[in-house]
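Chain letters run A, B, ... following the sequence lines, proteins first, then strands; residues in each count from 1. For clarity, every value in this text was computed on a predicted model and none was experimentally measured. Values reported hereafter were calculated over all heavy atoms of this structure, with side chains retained and with hydrogens, waters and symmetry mates removed.
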Amino acid sequence: MTASEIRDGATPTHRYSATVAADIEQRWQDVWEESGTFEAPNPAGPLAAPDEVAGREKLYILDMFPYPSGAGLHVGHPLGYIATDVYGRFQRMRGRNVLHCLGYDAFGLPAEQYAVQTGQHPRKTTEDNVTTMRRQLRRLGLAHDPRRSVATTDPDYYRWTQWIFRQIFESWFDEQAGRARPIAELVALLESGARPVPDGRAWSELAEAERRDVVDGHRLAYVSQAPVNWCPGLGTVLANEEVTAEGRSDIGNFPVFRRNLRQWMLRITAYADRLLDDLEGLDWPEPVKLMQRNWIGRSDGARVRFATGHDTAPIEVFTTRPDTLFGATFMVLAPEHPLVDALLPAAWPDGTPPAWTRGGVDPRAAVDAYREQAIRKTELERQSEGRDKSGVFAGAYATNPVNGERIPVFVADYVLMGYGTGAIMAVPGQDERDWEFAERFGLSIVRTVAPPEGWDGEAYVGEGAAINSANDEISLDGMGVAAAKAAITDWLAAKGPGEHTVTYKLRDWLFSRQRYWGEPFPIVYDEHDRPIALPESALPVELPEVGDYRPTALDPDDGDTDPIPPLARAEGWSEVELDLGDGRGLRRYRRELNVMPQWAGSCWYEIRYLDPTNTQRFVDADNERYWMGPQGEGDVGGVDLYVGGVEHAVLHLLYARFWQKVLYDLGHVSAAEPFRRLFNQGYIQAHAFRDMRGQIVPAAEVEEQGDGTYSWHGQPVVREYGKMGKSLKNIVTPDEMYDAYGADTFRVYEMSMGPLDVSRPWETRAVVGSQRFLQRLWRNVVDEETGALRVVDKPCDDVTRRLLARTAEAVTTDLDGLRFNTAIARLIEYNNALTRLPAVPREAVEPLVLMVAPFAPHLAEELWSRLGHPQSLAYEAFPASDPALLVEETVTAVVQVAGKVRDRLEVPVSIDDAALRQRALASPRVASALDGRPVRTVVVRAPRLVNVVPG
RNA sequence: GCGGGAGUGGUGUAACGGCAGCCACGCGGGCCUUAGGAGCCCGUGCCUUCGGGCGUGCGGGUUCGAGUCCCGCCUCCCGCACCA
């Protein structure tokens, strides 16, 4: 082809197009893989390369564990992976030993639901999905260590998940030491008498079964019969964290019922204070810390017992306002409170107001009817009713311990069984809810905190002096809230009916699921139905094949059904004959048929990445200390940078912190926290379009009209804004971007759209801007027509050299601060400057290629290689700037009059205030702006600014 | 209701308390083309009597100087929500 033919034809042969990009990208991906470019050396174990570790600072970068869904990726998914990759490549060029990899969280409900829909075995669909995702991500050119890509569904992985569960099961929380200890140490303490048995008897007096009860009652993993979230639609129970505020399942949106079932729990509540306190030392976004604090929900207060006069235990309440105890004029119990039944008398007491009985012939009938109605109410109905208070008198009275007042006891659903003790003392004078209830039922109201002047008459919850709060022994009157709290709490403790206490919103973690696709528990039951942990040598307990892995189909709206674990169908698996080595010989045991929840595998994956092939331990101690150990005094340790969406603010991040702390207490890891620094990326949103009937139409087929309106096949549609997804028909896939532009353009575009932590709309038509940038860079190095190198080996001019220094400086600080968008703007600016040069000097463009490399690594490798460098640039030093070149000789000084810019002066950088002041006042523009007014003051900030203030 | 975050051109965004709008999309004009949904170059906040004036959600304040700090509103987004 002649040159004129090329010009006559369409695109020059050597233009950086999607085709050229695809060729370059796949070639370099192969090179990286074959030469193990991004394999991170360990200090010890099978992946050890001590020579490569020596003398380099380590950096552990982590992306949130993805689960491979069947839907494939859209362009929003890789955002965080690209960001961590850019950062990792940058830090590698600055000499750090970077650990970065990606595995798959492949167990769990989403994977299983997808398998159920497609009628295939979850193992098959999971493997297919992982393959698809690996392909889509490989095409992105992520600098991951492929040897470390674990999957939770691999028996070599879940063997250690089971091992950790076993550690949790075989330990207890020593409240005094504030940490977990091996269960054997508890047994020793009990045997020696150093620790009393809870009911006060001697250990030696206890029967074997009673001893087991005591020990099992202390374990961090325990079986309990308790109200749990039963979701018949999913066929499984769920953790509190997996249930929405509307009382439905997070996944699938099925109704959830409270039901008493025997389930595995993890004692996360034992760690409530440490999970709260250790947030202090973490470099996390404040909103996430706050969400964790709120979820843990610590509140300080007092327990107070109210005698009932019946033949029952007193009613114990929790209050954060013990100072208002003199104003407690009635009590309220949650409908499910266990004391309610014992309190109910045979008939209404004399003088019971009719409004209190809800028409019940006797208290039992009234309370039963009320409970029936309250339990039937869904969360949604409760909310639609607003805060209207309902309730019924229990026919009983209690005695206020501070003043001996006889106060009525009600049952009402505004008191929740799940918080505090499930019972409250009602203080209408200082509590809005109690006020509403008192008004409704005509109950007396006593103010015990003086409201401010002019208070409108409702409950006063603020600060103020105590009033009406004295008995023969103590008076709170005149005290502030804090002082009154302390005084009354001391009095209660001295007299017996109460004491200081702390309550948490956090509940223990419901850990078993009646599903198939999860980790089996390493647990068997003996003939007494007691759980026993299988020995380490029996791990992994492999997930058995079953004829039908689907959960038993149950009516989603019927909460009275029972869960049926699919593993019960595994032929010959549920019963097993074993010698557990406890001297009892070969015996028959029943296996645990539940599986672990989705979160189990993601509670410790960041640890397994460190040592993925270790067959002796879940992680080698040296490797763990090297990558995650504390860095000096006061550091909690953990991953150096963890990037992911804010949707895991509570669930995963809380569970993983809990497991980390157990492992830390037991001496298995050196880091007290798993994630030292957390960064929440924003989401990529997208526009969606509806036609006149309100139906969503495919966004890809919508055309923009000249007047800013939109049409779809000729009919007008309206634009809205939301998540990218199937339901809004607005998915754009990475594959489309690879085909149309190439991976490097896609990467640059995603990083240039805006700050990483801000959500923003996807705009396919804007991607071309990033392509033009890379094309211009390519053209600065390669002749589009001939493919020859265009770079000249001549010295660079001074202006360009200074611009390069400033660019390198700015790009470095931007990358350090994860400000990728501004770094790219700088690079484009510099590249545009090179484009305007008559010829591009090597000295000017080589640093640019290196600086672009973290963003567009394939293009950069290709240019680097064409520039004559035989080695990959992955370990080239990131360009540093000569400080001498950063110093300007002259600057533009801005001259303001009354704060408005009126002139600009080119001045030497060394100019002093007096000289600059003189030059500014000499400016004719200043004179004209002053318009004859006298000068009052002149603010001078040499060399950049003068502000002349007229009188 | 409580708590948190954010409001800047047509769009995404950028600005140590010191030149508002870097960079990019889009748009307008031009070049090159048989052609342009390619590429390149120039222009592009609004108004203007071409002097300049006005501009960072609204209203105040601090300051020589405020997009940035303080107070009060408005709007949007997120989290929690009868938590005693």
Side-chain angles (χ1 to χ4, degrees), chain A residues 7-12 15 17 245 285-291 293-295 297-299 301 317-321 324 332 334 382-383 385-389 412-416 418-427 430-434 436-437 503-505 646-647 649-650 680 704 706 708 748-749 752-755 757-773 775-776 779 784 810 819 821-829 831-832 835-836 892-904 928 936-941 944-950:
Chain A
R7 230 174 280 113
D8 286 349
T11 313
R15 170 164 298 165
S17 63
E286 255 336 291
V288 175
K289 288 189 182 183
L290 195 69
M291 278 189 249
R293 284 191 195 106
N294 290 342
W295 188 262
R298 183 188 153 114
S299 51
V317 303
F318 171 74
T319 177
T320 54
R321 294 294 302 275
T324 65
V332 184
R382 275 188 166 202
Q383 283 177 4
E385 280 172 19
R387 284 157 199 250
D388 282 354
K389 296 289 173 291
D413 66 1
Y414 84 92
V415 172
L416 311 173
Y419 184 76
T421 62
I424 62 161
M425 62 178 213
V427 188
Q430 272 76 231
D431 184 283
E432 285 160 7
R433 298 151 301 178
D434 296 346
E436 287 170 31
F437 194 86
T503 299
Y504 302 89
K505 212 180 90 178
V646 74
E647 71 272 18
V650 178
N680 290 128
E704 185 172 2
V748 169
Y749 176 64
S752 68
M753 290 167 79
D757 55 352
V758 173
S759 293
R760 53 195 165 264
W762 178 262
E763 189 102 50
T764 296
R765 71 176 180 185
V767 179
V768 70
S770 299
Q771 190 187 35
R772 286 179 191 147
F773 162 48
Q775 269 176 354
R776 278 198 299 275
R779 201 156 35 230
E784 282 191 339
R819 289 184 298 272
N821 54 324
T822 51
I824 288 173
R826 293 291 195 152
L827 293 170
I828 293 176
E829 225 175 338
N831 186 52
N832 287 347
T835 305
R836 285 188 287 269
T892 307
V894 171
V895 184
Q896 301 176 332
V897 175
K900 292 206 185 299
V901 180
R902 297 298 174 181
D903 201 2
R904 294 188 172 84
S928 109
R936 182 153 56 98
T937 6
V938 182
V939 179
V940 187
R941 296 279 181 275
R944 295 208 181 263
L945 183 117
V946 182
N947 189 9
V948 180
V949 187

Regarding B/G51, purine or pyrimidine glycosidic angle vs 90° from 0 gives syn
Mind checking the C1' distance from B/G37 to B/G26? Whole angstroms is fine.
14 Å
Per atom distances to the A/Asp413 side chain, the nearest of B/A14, B/C82, B/G18 is B/C82
Q: Ignoring backbone atoms, test whether A/Arg776 places a side-chain nitrogen or oxygen under 4.0 Å from the OP1 or OP2 oxygen of B/A24.
A: yes
Answer yes or no: are there more than 12 heavy-atom neighbours, outside A/Arg826 itself, under 6.0 Å from its atom CZ? no
query: Do A/Arg904 and B/C19 share a donor-acceptor pair, side chain to base, under 3.5 Å?
result: yes
Side-chain atoms of A/Arg760 come closest, of B/C82, B/G26, B/G12, to B/G12
Distance check, P atoms only: B/G29 and B/G79, in whole angstrom units. 46 Å
*Rounded P spacing from B/U8 to B/G57 in Å*: 6 Å
Winner on side-chain proximity to A/Pro755, out of B/A84, B/A14, B/C25, is B/A14
Closest of B/A38, B/C64, B/G79 to the A/Met291 side chain is B/G79
Indicate whether OP1 or OP2 belonging to B/G79 is found under 4.0 Å from a side-chain N or O atom of A/Asn294. no
Closest of B/C82, B/C25, B/A84 to the A/Tyr414 side chain is B/C82
In this structure, CZ of A/Arg772 is separated from CD1 of A/Ile828 (nearest 0.5 Å) by 11.5 Å
Note to self: Using a heavy-atom cut-off of 4.0 Å across all strands, would you classify A/Arg772 as base, sugar-phosphate, or nothing?
What the structure shows: sugar-phosphate
- Query: So what does A/Thr320 touch, heavy atoms closer than 4.0 Å: a base, only the sugar-phosphate, or nothing?
  - Reply: sugar-phosphate
Looking across every strand, which nucleic acid part, if any, lies under 4.0 Å from A/Ala825 by heavy atom: base, sugar-phosphate, or nothing? base
Distance col, row A/Trp762:CH2 vs A/Tyr749:OH, nearest 0.5 angstrom, shows 5.5 Å
What does A/Ile828 touch in the nucleic acid at a heavy-atom separation under 4.0 angstrom: a base, only the sugar-phosphate, or nothing? sugar-phosphate
Expected label for B/G12 (glycosidic angle, syn inside 90° of 0, else anti) would be anti
field: Span that lies between the P atom of B/C58 and that of B/G67, in whole angstrom
entry: 11 Å
Between A/Thr822 and A/Lys900, whichever has its closest RNA chain B nucleotide further toward 5' is A/Thr822
CZ of A/Arg760 to CE of A/Met753, rounded to nearest 0.5 Å, is 5.5 Å
In whole angstroms, the gap separating P of B/G65 from CZ of A/Arg936 amounts to 8 Å
request  = Mind checking A/Asn832 for me? I need base, sugar-phosphate or nothing, with any heavy atom below 4.0 Å counting as a touch.
outcome  = sugar-phosphate
Rounding to 0.5 Å, atoms CE (A/Met425) and OG1 (A/Thr319) come to a distance of 4.0 Å
NA contact type, A/Arg826, heavy-atom cut-off 4.0 Å: base, sugar-phosphate, or nothing? nothing
Using the P atom as the reference point in each nucleotide, state the distance between B/C23 and B/C40 in Å, no decimals. 16 Å
| message | Using the C1' atom as the point on both nucleotides, what is the distance between B/U49 and B/C70, in whole Å? | response | 41 Å
Rounded to whole Å, the CG-C1' distance (A/Asn821 to B/A15) equals 12 Å
Give a yes or no on whether a donor-acceptor pair under 3.5 Å exists between the nucleobase atoms of B/G18, that is its base, and the side chain of A/Gln896. yes
With the side chain defined as heavy atoms from C-beta on, A/Arg902 is closest, among B/C82, B/A84, B/G53, to B/G53
- Can you tell me how far C1' in B/C71 sits from the matching atom in B/C77, rounded to whole Å? 24 Å
Q) Cationic tip of A/Lys389 within the cone over A/Phe437's six-membered ring, i.e. under 6.0 Å and within 45° of the normal? A) no
| said: If you count every heavy atom of other residues, nucleotides or ligands that lies below 6.0 Å from A/Glu432 atom CD, does the total exceed 12? | reply: no
Per nearest nucleotide of RNA chain B, the residue lying toward the 5' end, A/Gly754 or A/Gly899, is A/Gly754
Output for pair (A/Arg819 CZ, A/Ile824 CD1), nearest 0.5 Å, gives 13.5 Å
| query | Hey, does A/Val948 reach any base, or is it just sugar-phosphate, or nothing, if we go heavy atoms under 4.0 Å? | reply | nothing
- Task: Assign A/Thr503 to base, sugar-phosphate, or nothing according to its heavy-atom contacts below 4.0 angstrom with the strands shown.
- Result: nothing
B/G7 -> Watson-Crick or G-U wobble partner, both distances under 3.5 Å, gives B/C74
Rounding to an integer number of angstrom, what distance separates B/G9 and B/G45 when you compare their P atoms?
13 Å
Here the distance between atom P of B/G21 and atom CD of A/Glu829, to the nearest Å, is 13 Å
Taking a pair to mean Watson-Crick or G-U wobble geometry with both distances below 3.5 Å, B/C50 pairs with none
Query raised in the report: At under 4.0 Å between heavy atoms, what does A/Gln775 touch on the DNA or RNA strands: base, sugar-phosphate, or nothing?
Result: sugar-phosphate
So does A/Arg836 get a side-chain nitrogen or oxygen closer than 4.0 Å to the phosphate oxygens (OP1/OP2) of B/C41? no
Next on the checklist: Quiz question: going by heavy-atom distance under 3.5 Å, is there a donor-acceptor pair between the base of B/G18 and the side chain of A/Arg941?
Outcome noted: yes
Interatomic distance, CD1@A/Ile424 vs CG@A/Asp431, rounded to 0.5 Å, equals 6.5 Å
Paired to B/G37 by Watson-Crick or G-U wobble criteria (both distances under 3.5 Å) is none
Atom CH2 of A/Trp295 and atom C1' of B/A81 are separated, to the nearest Å, by 12 Å
Here the distance between atom C1' of B/C41 and atom CZ of A/Arg779, to the nearest Å, is 12 Å
Taken to the nearest whole Å, CG/A/Asn831 to P/B/C22 is 18 Å
The Watson-Crick or G-U wobble partner of B/G1, with both key distances under 3.5 Å, is B/C80
In whole angstroms, the gap separating P of B/A84 from CZ of A/Arg321 amounts to 11 Å
A/Asn947 atom CG is separated from B/C19 atom P, nearest whole Å, by 11 Å
